[in-house]
Amino acid sequence: MKTSTIVAATVGTLAVATVGYAIYFDQKRRNDPEFRRKLKKEKKRAMKQQKEEEKKKTTQTTQTVEEALASIKEDDFPASMEEREKFCMDQLSAGEALFTRGPEGYDMAAICFYKALKVYPAPAELVMVYQKTIPPEVFTLVMGMLSMDVHKKQEKYYTVFPPKEMNVKVDELPEGVTAEGQSVVRRGLIATKDFAAGETIYSETPIISSLEPSLEGKEFCHYCLKQIVEDESKVNCPTCTKVVFCSASCEKSATTEFHAVLCTKDSEDASTPERSLYDYTKETNSKYPEMIAKFLVRMVHEETLNSGEEYNLFDHIERLRFLEVRPSAAEEKEIELLKVALGSKIPGIEEFINEERYLTLKGKLLYNAFGVSTSLNADRSVEPSPEQYRSERGAPVVGAGFYRVTSYMSHSCEPNTKIAYQDHNNNLAVVATKAVKAGEELHVGFIDQKNGELSTEQRRQELFQHYRFKCMCPRCEAPEPVAVAAAVVAEAADVAEAAVEAAVEAAVEVEAEAKAEVEAVEEVTA
Ligand SMILES: [Zn+2]
Ligand SMILES: [Zn+2]
Ligand SMILES: [Zn+2]
């Protein structure tokens, strides 16, 4: 095949793909839970044979691929769209010239094709073109580089995140054994230096946050959740009456990140799809559908910025635990509302928001979101939404926030930190409540302990009901003084405990399975 044919096959896409949506959705597909599930089925059958054969091949190619990857640096790639287009074409031509020389040119050709792939806006399409046009040996090398790239990026994640200045790291910690004797690990947040009681360990702004629907549009900022005390400082949205902001800068940030897409625009038309989503939120008193919509819009917005950030929002939340959400009529409706509200503005989003992905996102919010308390009057009563969030409920909660780092913090009924909203907005600070040594795990309370009135059993039940784990914190594990007269109660508690234990076992199994699936994906990409 002549150079001109490959170039011709790819140039059309390059010309139209001015934004990186295509790259974005291709990357996401790799992390698709549906894909993982299918993979698992296929795995057992195909993997065994393949592994043996591939092992031989891989050891030969790995070295070549590793050397090639080591020789490529990020700044080898141009930044502007025009330069990238030219770069891509140059690499394609060079690659083709090299492989026509025969096997001695294959390694260098593969590097060229790999580089072209790195800047091409729709890599999956280019891979398909490669498959049809370049020699299989070269194709295998290119694919090897690509999967090693993905694998390296995955492995590197916890070495660059959280950023050093946050004074914490994410680590794997032992979490008992399964019935089959398999050891289970979980991820937790560890302090990297000493802290005295009362010291702030770090603070972070959320990926996304939302007000309780009953507070929207009144005296709380739609973007930072801050209470607006002075009416003069209230900033309205230019195109709707449904939300207010505490400042011009919050209005600007919200508009750029998500509100331009989600604004109900009721000053023009009362029956927009954005309005339907808003009405649903109000009717059901739920904020997670809107948070998911904001998340998706923000993610696409971030993708188009080309900020050079190595990990995008999806990379950040992908590793977080989530609660299994069973699909119901409510979720079906929510998915439909989101599709209509976003579909006309974000090409490809309709196929992206499938049931599985939506439920996963919702499950991530249910497990990881924190209740945000910014209210200045402590006795304010807020109509709480039915959705759960982590909160010790010291102060009234006005909304929920989804945080990159704090999501990794595990629960304890005797935590060594507490959450504070020191700026009276959604900027979350983690404050040590006792002296913390470097290397110690940080804990926070997920539930309201009603001033310590809840018994171990009650705490365990509430935690299990909401977060699906049996609390093994020192407080729960310490023997509790049992009154002699309460023998019957103790027996009932035993029965309850047995039920909780059985359920925990089932949950651990689910988790172990999920882990195996992740490993399977890694094996394939490795
Ligand atoms: Zn604000
Ligand atoms: Zn608006
Ligand atoms: Zn506990």
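Computation of the quantities below employed the complete heavy-atom set of this structure, encompassing side-chain atoms and omitting hydrogens, waters and symmetry-equivalent molecules. Counting begins at 1 with the first residue of the sequence. The structure displayed is predicted, hence computed values, not measured ones. Counting starts at 1 for both ligands and their atoms, in listed order.
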Checklist entry - Distance below 2.8 Å from the Zn ion (ligand 2): how many protein N/O/S atoms qualify? => result 4

Next on the checklist: Can you tell whether the side chains of Arg460 and Glu477 come within less than 4.0 Å, N to carboxylate O?
Outcome noted: yes

Checklist entry - Any N/O/S atom, backbone or side chain, of His222 lying under 2.8 Å from the Zn ion (ligand 1)? => result no

Next on the checklist: Under a 4.0 Å threshold between the charged nitrogen and the carboxylate oxygen, would Lys156 count as salt-bridged to Glu310?
Outcome noted: yes

Checklist entry - Are any N, O or S atoms from His411 nearer to the Zn ion (ligand 3) than 2.8 Å? => result no

Next on the checklist: Using the Zn ion (ligand 3) as the vertex, how large is the angle between SG of Cys413 and SG of Cys473, rounded to 10 degrees?
Outcome noted: 110°

Next on the checklist: Taking Thr192's backbone N and O only, do any of them form a donor-acceptor pair with Asn167's side chain (distance below 3.5 Å, no angle check)?
Outcome noted: no

Next on the checklist: Checking Glu334 against Lys362 for the salt bridge (Lys or Arg N to Asp or Glu O under 4.0 Å) test, could you report, in this order, the C-alpha distance in whole Å, the side-chain angles of both residues, the deciding distance, and whether it holds?
Outcome noted: CA-CA 11 Å; Glu334 290 161 17; Lys362 199 165 184 180; 3.0 Å; yes

Next on the checklist: Using the Zn ion (ligand 3) as the vertex, how large is the angle between SG of Cys476 and SG of Cys471, rounded to 10 degrees?
Outcome noted: 110°

Side-chain donor-acceptor contacts of residues 293-300 below 3.5 Å, not counting sequence neighbours, with atom names and distances?
unit_1 : atom_1 : unit_2 : atom_2 : d
Lys294 : NZ     : Ser209 : O      : 2.8
Lys294 : NZ     : Ser210 : OG     : 3.1
Lys294 : NZ     : Glu290 : OE1    : 3.4
Arg298 : NH1    : Ile207 : O      : 2.5

Checklist entry - Should the ring pair His316 and Phe161 be called parallel, tilted or perpendicular, given that the plane angle runs from 0 to 90° and is split at 30 and 60? => result tilted

Item to check | Option passing ring-ring contact (aromatic ring centres under 6.0 Å, His included) with Phe446 (candidates Tyr389, Tyr467, Phe464) | outcome: Tyr467

Item to check | CA sep, side-chain torsions, deciding dist, call: Arg404, Glu204, salt bridge (Lys or Arg N to Asp or Glu O under 4.0 Å) | outcome: CA-CA 8 Å; Arg404 288 178 185 81; Glu204 64 169 334; 5.4 Å; no

